[in-house]
Undergrad: 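This is the structure, below, for whatever I ask next.
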Amino acid sequence: MKIENWSLRLRVFLFFAFLAAAAIAAVIAGLALGFSRLDVPEAADGFIFAGVISGFVILGVVAWIWLMFDENVAKPIQRLAGGLLASTHANVEDAIDDKTARYLGDLAPAARAITENLAATRNKLAETVAQETTRLIEEKEKLTALSAEMPYGMVLVSGLHKIAFYNGAAAELLASDQAPGLDHSIFDFLRLRPLQSAYARLCAGEGGDGHVLPLTVATRHGGHVLSARMRLMHAPDEGDVAPPYVLTLDDVTSDLTIHAEREKLLSRLFATLRPSIASLQTTLAARDADDDLRADPRLDAALVSEMAKLTKVIAALDAEYETGKAEWWPMAQVRSSELCDALTAQLQQDDIKLVAEAADAMALTLDAVQIISLLSHLARHISRTGGRALSFLVSRDDAGGAMLALGWSGDPLSVDELENWLSETLDVGLVDMSGRDILEAHGTEVWPEFGPASRAVLKLPIRQARRLRRTPGDGRRAVTYDFDLLSRTPAKELMDTPLADLSYVVFDTETTGLLPSQGDEVCQIAALRVVNGKVIENEAIDQLVNPERNIPASSTEVHHITNAMVKDAPTIDLAGRQLHSFARGAVLVAHNAPFDLEFFRKHEARIGVKFTNPVLDTVLLSAIVFGQSEEHTLDAIADRLGVKIPPEARHTAMGDTMATAEVFIKLLRMAKKKGITTFGDALTEMRKHKRLLQDANASHAVDLA
């Protein structure tokens, strides 16, 4: 180990140790020289005694001076250095304490003046940058909203096939048992061969000037078939790095299923018609050829029977066709209350008062424009024909769907008149679409009934439970991206990989106790992803876990998790697999990581996976930056780095995880300025502080695969 890598306190200790040794050696040499000239053998004991006394006095004085120097000079210098790093690279105000450096003369005030000047300069620069980037932020927010609301999934993938951008629709399409995340491989979610083939063809020049290729690819989990388009971001010859590409995705699984069912229906139709028609043709041909058969009643009975059979089969197939016809029409989920509000507002434009009510809070599957247009059309006709006190009720149907009831006081409606109204063309954005067409598109019907208190009612059922065509984008709307990932170079060996190029999963657990080896278990997990020095807010886990044992009252007092809260939560095998999947390809980060990891590693056989991820520990990183003698609790580190932990969030899994993530990001910046740039550097330095905490990488071979 190089001398310049030794800590200041170690070098000070060695200096005083050398000083004490030199002084004792000088005393011993002087006594030995004096004894040799005295030539009095009987005086040897006196010289030895004097030497021992002198040695102990020298040791005591030097040790006392060293302790005073260490406490009032070396330690304050170490704290001052940590404070300067925190002020410079972690944006911490008041990181330098004059009291702890009161024996350093003008050094502490000078350091404070430097940091204050730096803070002022940084604030001015931040104000200037904020003013200049306001317009860019607004444009970014608009583009983000536009991308988030697109009905198709969009994924931007680097030349290394790592995800750098995805919108909410893509998150839904790709997610199954594992959610997508930045810096994850696209091959974790989509089949490899179609993507590799299309990418190779695009790089070879196929796809025309736009460098676009259509392809069909299946998800690795969930069995969905996606229609995709791949487009290169730039030509392959623009730079040495493989070009990134954009994937637009649309789920066609339902379309293919509907198409296959319609093909089956047609096949059944033809298979049924062929023998019946052949039988009819044979019977008619025989009757035409033989006059005696024409008068035979058995032939007529056979013809009637065959026709009845054919009619029955065609009617059944027609009903099946009508039922399935609505499946291909694009529908959306509309809240029952929103449907009531929209219908009321629509009729107000015609001065028609409507009392609308949603008896149950439901999400109805329908085309809102069409259904509202149809109901408004019927309500206008009812009002013109003398209907009064119109009402509209949405209630749950016994069949599992919803029932729409349009009621009024007045004469009941005849079926013929209703059919005339349904035959009229409505303005729903499509050409020549009547009320009857709308009903058929929804696979439903409308009919008149007598209601209570001499009121008339039109009933229109909505089949809420019918199979839906998947509509991407209805769930998470957030756009997640980090375009810096597009310029990443191929990964090196883990030990040589820069810390800035690694992705991290910061996690924390709440448990039933502090002794995993004696039966304590996890009752909550939280995790966040950190990519390129930023917390990815849309990628997180916050999961209660059923510990399958009682949570002691003493533990509940700390984390406020009760037995009732975890009763229906997943057990450690499911929660552990979720965390393992979430952390694939990433370095695990925790405060006191060996403690948290022991709960998972003892259940690896049950979980079905091994936690071999590389590990960084904020306790040991703090010791590297601030020195081993400082306090390294999460609260102490957070306080030194200006990280605020709300009291209500402390000792909750997500609250502690968020604090640990913020602390970790600041510690990494400070460690970089101390020359710790690669994972191997960090691991080497952490292992110097094993007196504080055992390295969590020691017992398992680390692996980023």
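This one's a predicted model, so the numbers in the text were calculated from it and none came from an experiment.
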Undergrad: Do Gln578 and Ile541 come close enough that some side-chain heavy atom pair is under 4.5 Å?
TA: yes
Undergrad: Using 0.5 Å steps for rounding, measure from the CG atom of Leu574 to the CD1 atom of Ile607.
TA: 9.5 Å
Undergrad: Judged by modelled atom types alone, do Asp681 and Thr684 share a side-chain donor-acceptor pair under 3.5 Å?
TA: no
Undergrad: When you look at CE of Met654, are more than 12 heavy atoms from neighbouring residues, nucleotides or ligands closer to it than 6.0 Å?
TA: yes
Undergrad: Specify the closest pair of heavy atoms between Ala527 and Leu579, including all atoms of both residues, with the distance to one decimal.
TA: CB-CD1, 4.0 Å
Undergrad: Does CZ belonging to Arg577 count more than 12 external heavy atoms closer than 6.0 Å?
TA: yes
Undergrad: Identify the two heavy atoms, one from Asn613 and one from Asn697, that lie closest to each other, and give their separation to 0.1 Å.
TA: O-OD1, 4.3 Å
Undergrad: Taking the side chain as every heavy atom from C-beta outward, state whether Leu213 and Arg201 have any atom pair closer than 4.5 Å.
TA: yes
Undergrad: Begin with the C-alpha distance, continue with both residues' side-chain angles, and end with the deciding distance and a verdict on side chain to side chain donor-acceptor pair (under 3.5 Å) for Asp437 and Ser434.
TA: CA-CA 5 Å; Asp437 295 331; Ser434 66; 3.2 Å; yes
Undergrad: Check this for me, if you would: do Arg488 and Asp183 make a salt bridge, where the nitrogen-to-carboxylate-oxygen distance has to be below 4.0 angstrom?
TA: yes
Undergrad: Give the minimum heavy-atom separation between Leu226 and Asp251, together with the two atoms involved.
TA: CD2-CA, 3.7 Å
Undergrad: Under a 3.5 Å threshold, yes or no: a donor from one side chain and an acceptor from the other, between Thr509 and Asp596?
TA: yes
Undergrad: Among Phe507, Phe611, Phe600, which residue satisfies the ring pair (Phe, Tyr, Trp, His ring centres under 6.0 Å) criterion with His580?
TA: Phe611
Undergrad: Which residue is it: His161, Glu539, Arg584? I am looking for the one with a side-chain hydrogen bond (donor to acceptor under 3.5 Å, both in side chains) to His184.
TA: Arg584
Undergrad: Looking only at heavy atoms, which two atoms of Ala586 and Pro614 are closest? And how far apart?
TA: O-CD, 4.0 Å
Undergrad: Can you see whether Asn538 engages Thr480 through a side-chain donor-acceptor pair at a distance of less than 3.5 angstrom?
TA: yes
Undergrad: Under 4.5 Å between any side-chain heavy atoms of Met154 and Phe165, yes or no?
TA: yes
Undergrad: Nearest 0.5 Å please: distance from the OG1 atom of Thr618 over to the NZ atom of Lys666.
TA: 14.0 Å
Undergrad: Can you tell me how far apart CD1 (Ile186) and CD1 (Ile163) are? Round to the nearest 0.5 Å.
TA: 4.0 Å
Undergrad: What heavy-atom pair brings Leu156 and Tyr245 nearest, and what distance separates the two atoms?
TA: CD1-O, 3.4 Å
Undergrad: Tell me if a side-chain donor or acceptor on Ser487 pairs with a main-chain N or O of Asp484 at a distance below 3.5 Å.
TA: yes
Undergrad: Please tell me if the side chains of Gln524 and Asp542 come closer than 4.5 Å, counting only heavy atoms from C-beta onward.
TA: yes
Undergrad: Can you sort out the partners of Asp508 under salt bridge (Lys or Arg N to Asp or Glu O under 4.0 Å), two or more places apart, ordered by chain and number?
TA: none
Undergrad: Does atom CZ (Arg229) have a neighbourhood of more than 12 heavy atoms from anything else shown, all under 6.0 Å?
TA: no
Undergrad: Hey, are the side chains of Val535 and Ile665 touching, using non-hydrogen atoms and a 4.5 Å cut-off?
TA: yes
Undergrad: With a 4.5 Å heavy-atom cut-off, do Val530 and Val589 have their side chains touching?
TA: no
Undergrad: Does the ring centre of Phe189 sit less than 6.0 Å away from the ring centre of Phe187?
TA: no
Undergrad: Indicate yes or no for a side-chain donor-acceptor contact from Ser158 to the backbone of Pro244 under 3.5 Å, with no hydrogens or angles considered.
TA: no
Undergrad: Quick check: closest heavy atoms across Val625 and Ala671, and the distance to 0.1 Å?
TA: CG2-N, 4.1 Å
Undergrad: Check whether any side-chain heavy atom of Tyr166 lies under 4.5 Å from a side-chain heavy atom of Leu173, and answer yes or no.
TA: no
Undergrad: Mark yes when over 12 heavy atoms from residues, nucleotides or ligands other than Gln196 sit less than 6.0 Å from its CD; otherwise mark no.
TA: yes
Undergrad: Can you tell which of Leu502, Leu485, Asp501 makes a side chain to side chain contact (heavy atoms under 4.5 Å, CB included) with Asn532?
TA: Leu485
